[in-house]
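Below is one structure, written out as structure tokens; comments come after it.
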Number of protein chains: 2
Amino acid sequence: MPRWKPDAAERLQAAALELFDEQGFESTTVAEIAQRAGLTQRTFFNHFTDKREVLFILSSEIQRAVVGEIAACDDAVPPLDAVVRALEVVADGLFEERRAVATRRHAVIAANPELQERELGKNAALTDAIAAELHARGCDPDTAFLAAGTAVLAQQAAFQRWTRPGETRTLRHLLSEAVRSLGTIVSEDPVTS
Amino acid sequence: MPRWKPDAAERLQAAALELFDEQGFESTTVAEIAQRAGLTQRTFFNHFTDKREVLFILSSEIQRAVVGEIAACDDAVPPLDAVVRALEVVADGLFEERRAVATRRHAVIAANPELQERELGKNAALTDAIAAELHARGCDPDTAFLAAGTAVLAQQAAFQRWTRPGETRTLRHLLSEAVRSLGTIVSEDPVTS
DNA sequence: GTCTATATGCGGATAGAC
DNA sequence: GTCTATCCGCATATAGAC
């Protein structure tokens with residue numbers, strides 16, 4: 001019998017999500033979150049550097065997974081395709097089973113500018129990490145940045161749809177659809193043809 | 001004879017840029033900036049909501065200009081092309097003559113995470129404004145978001161090059177080049193073909 | 001607890017426009 | 001004269017460093 005219940009970070013995230021949903025991000029204190037999770041404020045700050053960070057518990061894991069998938073991909077695969085395939089694998093492996101939580105989380109973030117800023121930072125970090133991996137695969141830096149940015153943009157669009165109430169299609173499906181839309185949009189541009 | 005010298009905001013920005021360049025963003029106080037501009041700390045905060053904002057004095061003007069250009073564009077022009085044309089006009093009209101300042105500004109921002117976060121926010125706001133204008137022109141919201149995001153991504157890549165020491169090509173030229181690169185990257189993706 | 005810096009609220013002064 | 005824009009002074013809340 002363990003001395004403490006496991007998954008402290010996950011329980012803190014669940015408690016935080018509930019409280020942010022009920023009373024808003026700003027008017028919720030870290031002490032409240034810890035109490036609802038059956039832990040102390042000190043434990044909260046042991047797991048997260050600040051109050052916002054409790055909503056981004058999966059970010060680093062996602063980033064590692066995506067970069068790993070790209071690294072494992074055959075070098076002959078063109079850059080954007082490599083990134084999109086990686087995002088699809090991660091969509092199935094990490095996102096699909098968490099749709100309900102992701103939707104509530106998305107709503108909380110949409111309601112608070114501070115959290116939106118943090119999310120933009122996470123997306124930028126993901127883009128940079130992907131670009132670095134593409135560069136390591138032999139891409140020139142500019143192409144790497146554009147391919148990474150394009151893929152993350154498609155991911156954002158897909159994620160936005162995926163968390164809309166009533167939407168039932170998988171994130172993988174919506175991601176493919178977003179990439180196809182991008183193809184249409186770009187090929188319609190006279191400068192590119 | 002005016003009671004005060006004109007262009008208080010511009011003088012504050014110039015003073016701030018010098019000081020941030022000399023001693024860094026964090027170790028420069030608002031009082032110092034105001035003093036170098038011949039003004040007081042209170043006046044600084046009358047013009048800018050916080051210390052970072054002094055480096056983003058042109059953002060709202062750029063956003064208005066871009067959105068205006070898109071609105072003025074013929075409805076038959078496809079969405080991405082409309083945005084790219086608008087960015088090219090703004091590149092010539094607002095950026096090209098400020099290359100030296102923009103380069104120093106870019107270096108200061110690159111050296112500070114807080115400023116990078118603010119810049120990401122400005123880019124996201126620009127993307128949203130562009131997407132809203134495209135939507136008003138009849139685009140569906142998803143296409144609008146993707147087209148706006150794509151254009152802003154190309155703009156970011158072009159801007160990054162434009163502010164590299166030794167680079168002499170115009171921002172308009174680099175922007176066209178980035179859009180062409182995007183075309184290649186996306187068309188090489190099997191999902192889109 | 002003190003010191004420094006950021007940021008805000010409120011009032012007040014003056015020049016130019018009407 | 002009144003109104004508005006612009007700027008200054010003072011007080012203060014807040015947060016972090018020491």
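Reminder, nothing fancy here: chain letters follow the sequence lines and each chain counts from 1. Every value quoted in this text rests on a predicted model; they were computed, and no experiment measured them.
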Filter on side-chain hydrogen bond (donor to acceptor under 3.5 Å, both in side chains), then keep only pairs touching residues 36-45 of chain B, sequence neighbours left out; what's left?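 Sorted result for residues 36-45 of chain B: B/E18-B/R36, B/E22-B/R36, B/T40-B/T43, B/R42-B/N46.
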All pairs passing ring pair (Phe, Tyr, Trp, His ring centres under 6.0 Å) where residues 118-153 of chain A contributes a residue, at least two apart: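 The answer is none; no pair qualifies.
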Do B/T170 and B/E96 have a side chain donor and acceptor closer than 3.5 Å?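 The answer is no; no qualifying pair exists.
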Acceptor/donor pairs from residues 123-133 of chain B side chains to any protein atom, 3.5 angstrom cut, sequence neighbours excluded:
| residue | atom | partner | partner atom | Å |
| --- | --- | --- | --- | --- |
| B/T127 | OG1 | B/N123 | O | 2.9 |

For residues 99-111 of chain A, run the donor-acceptor check on the side chains, cut-off 3.5 Å, and write out each pair with its distance to 0.1 Å, sequence neighbours left out.
| residue | atom | partner | partner atom | Å |
| --- | --- | --- | --- | --- |
| A/R99 | NE | A/W162 | O | 3.3 |
| A/R99 | NH1 | A/T168 | O | 3.4 |
| A/R99 | NH1 | A/R169 | O | 2.9 |
| A/R99 | NH2 | A/W162 | O | 3.3 |
| A/R99 | NH2 | A/E167 | O | 2.8 |
| A/R99 | NH2 | A/R169 | O | 3.0 |
| A/T103 | OG1 | A/R99 | O | 2.7 |
| A/R105 | NE | A/L55 | O | 2.6 |
| A/R105 | NH2 | A/L55 | O | 3.4 |
| A/R105 | NH2 | A/E119 | OE2 | 3.4 |
| A/H106 | ND1 | A/T163 | OG1 | 3.3 |

Supply the members, apart from B/V77, of the Ile/Leu/Val/Met/Phe/Trp/Tyr cluster built from side-chain contacts under 4.5 Å; use none for a lone residue.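 Answer for B/V77: none, a lone residue.
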Other hydrophobic cluster members with A/L120, side-chain heavy atoms of Ile/Leu/Val/Met/Phe/Trp/Tyr under 4.5 Å, chained?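 Its cluster mates, by chain and number, are B/L120.
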With a 4.0 Å cutoff (strictly under), does any side-chain N or O of B/T43 reach OP1 or OP2 of D/dC8?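 B/T43 to D/dC8 OP1/OP2: side-chain N or O found under 4.0 Å.
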Just N and O in the side chain of B/H47: are any of them under 4.0 Å from OP1 or OP2 of D/dC7?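 Yes, B/H47 has a side-chain N/O under 4.0 Å of OP1/OP2 on D/dC7.
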Can you pull every protein N or O that's under 3.5 Å from an N or O on nucleotides 12-18 of chain D?
none

Considering residues at least two apart in sequence or located in another chain, which fulfil the side-chain hydrogen bond (donor to acceptor under 3.5 Å, both in side chains) criterion with B/T143?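 Residues passing side-chain hydrogen bond (donor to acceptor under 3.5 Å, both in side chains) with B/T143: B/D140.
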Atom pairs, protein N/O to nucleotides 2-11 of chain C N/O, distance under 3.5 Å:
| residue | atom | partner | partner atom | Å |
| --- | --- | --- | --- | --- |
| C/dT6 | OP1 | B/T28 | O | 3.4 |
| C/dT6 | OP1 | B/K51 | NZ | 3.0 |
| C/dT6 | OP2 | B/V30 | N | 3.2 |
| C/dA7 | OP2 | B/K51 | N | 2.8 |
| C/dT8 | OP2 | B/T49 | O | 2.8 |
| C/dG9 | N7 | B/R42 | NH2 | 2.9 |
| C/dG9 | O6 | B/R42 | NE | 2.4 |
| C/dC10 | N4 | B/R42 | NE | 3.4 |
| C/dC10 | N4 | B/R42 | NH2 | 3.0 |

